[in-house]
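Each remark here refers to the structure printed beneath this line.
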Amino acid sequence: MDLPRIFTIRESSHRVHNPITPGKLAALGQALHLASGTRVLDLASGSGEMLCTWARDHGVTGTGIDISTVFTEKARARAAELGVADRVTFVHGDASGFVADEPVDLAACVGATWIGGGVAGTVELLGKSLRPGGLMLIGEPYWRREVPDQETAHACFAGSKDDFLVLPELIEQFGDLGYDVVEMVLASQDSWDRYRAAQWLNLRRWLDGNPDDELAGEVRAELTTDPALYTRYQREYLGWGVFALMDR
């Protein structure tokens, strides 16, 4: 059970595996007014930057679950680096269907709602671990404007135009699921640039060092086509945000 190797190659230098910059991640923690001792469950926790920095800056405690062995080890190393290994734990495992043994104060899935089959299923999953009155965090893409055709949708990693909503409709979906949106931090185009363009350098450096690897052809093809696809489609049409929710 692990992520395909291409994912860890592509994001080998990333501490945050989505288009939220470290500064925006810190701003989100400040905006939520997290109390020391807040118990957090982070599903699909990646390299653990959210849990580790919030443990350092706000005194939260918690557990992160991620399917990637590489990212889980990076998360544990980051916790040790920041001196918070006694406050946060990272578990290699499938976050899909994971429910905490005891209710937590904050349940999060920031950028991996496929673990619940989409937004609705992930909200339902997180709700099983959340105490009454607790906070839920969902990270999710949205269309910055109406998508003109299926070609554009496919170039933005969507199976169809219906896979994502425009921002007001996404906010309304949370309401339809019985939750108030109480905070949000949105990625900017610059945030996207920092996330996506850094992948190209990772790919190129890996390719230079591993020209005979079995993945070299796949990496070369991605590096050849991805920058143009990103600037033509994804940068213009695809938004992304983290939304804080509370049950009504």
Side-chain angles (χ1 to χ4, degrees), residues 14-22 24-68 71-72 74-75 78-79 84 87-142 170-171 173-174 177-187 240-247:
H14 290 57
R15 284 182 172 167
V16 181
H17 300 287
N18 58 61
I20 289 290
T21 62
K24 285 179 179 280
L25 190 62
L28 176 61
Q30 293 168 359
L32 295 177
H33 306 290
L34 297 169
S36 180
T38 296
R39 295 161 301 160
V40 179
L41 174 66
D42 188 8
L43 298 186
S45 51
S47 294
E49 191 71 0
M50 184 175 80
L51 261 180
C52 290
T53 56
W54 287 4
R56 177 195 63 190
D57 297 340
H58 304 287
V60 308
T61 64
T63 301
I65 314 294
D66 199 271
I67 200 171
S68 169
F71 293 160
T72 300
K74 288 178 68 174
R78 183 64 167 155
V84 296
R87 304 186 64 85
V88 295
T89 301
F90 294 98
V91 177
H92 171 241
D94 186 358
S96 175
F98 184 91
V99 177
D101 293 335
E102 297 182 0
V104 299
D105 303 308
L106 190 158
C109 177
V110 180
T113 57
W114 58 81
I115 68 169
V119 170
T122 302
V123 166
E124 181 181 5
L125 173 60
L126 291 174
K128 295 176 181 178
S129 296
L130 191 63
R131 69 164 176 82
L135 276 169
M136 182 181 296
L137 293 182
I138 296 283
E140 181 69 3
Y142 59 86
L170 178 57
I171 298 295
Q173 182 184 22
F174 294 135
L177 294 170
Y179 286 81
D180 290 323
V181 177
V182 296
E183 253 298 352
M184 68 178 188
V185 174
L186 304 182
W240 199 89
V242 184
F243 306 89
L245 315 176
M246 295 184 70
D247 194 343

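What's counted below: heavy atoms across the whole structure, side chains too, no hydrogens, waters or symmetry copies.
Taking Pro141 as the reference, Phe164, Leu238, Trp240 meet the side chain to side chain contact (heavy atoms under 4.5 Å, CB included) condition, with sequence neighbours excluded. The salt bridge (charged side-chain N to carboxylate O under 4.0 Å, His left out) check on Arg15 picks up Glu81, with sequence neighbours excluded. Residues forming a side chain to side chain donor-acceptor pair (under 3.5 Å) with Asp180 (at least two apart in sequence, or on another chain): Arg248. Considering only residues two or more places apart in sequence or on other chains, Tyr179 meets the ring-ring contact (aromatic ring centres under 6.0 Å, His included) condition with none of them. Evaluation of the ring-ring contact (aromatic ring centres under 6.0 Å, His included) rule for Phe90 yields no partner, not counting sequence neighbours. Ala95 is linked by a side chain to side chain contact (heavy atoms under 4.5 Å, CB included) to Leu43, Ile65, Ile115, counting only residues two or more places apart in sequence or in another chain. Not counting sequence neighbours, the partners of Ile67 by the side chain to side chain contact (heavy atoms under 4.5 Å, CB included) test are Met1, Leu3. Partners of Ser47 according to the side chain to side chain donor-acceptor pair (under 3.5 Å) rule, which considers only residues two or more places apart in sequence or in another chain, are His17. For Arg39, the side chain to side chain donor-acceptor pair (under 3.5 Å) criterion is met by Asp105, not counting sequence neighbours. The side chain to side chain donor-acceptor pair (under 3.5 Å) search around Thr113 returns Glu140, not counting sequence neighbours.
Residue pairs meeting the salt bridge (Lys or Arg N to Asp or Glu O under 4.0 Å) criterion with at least one partner in residues 42-51, sequence neighbours excluded, are Glu49-Arg78. Applying the side chain to side chain donor-acceptor pair (under 3.5 Å) rule to pairs touching residues 115-129 yields nothing, sequence neighbours excluded.
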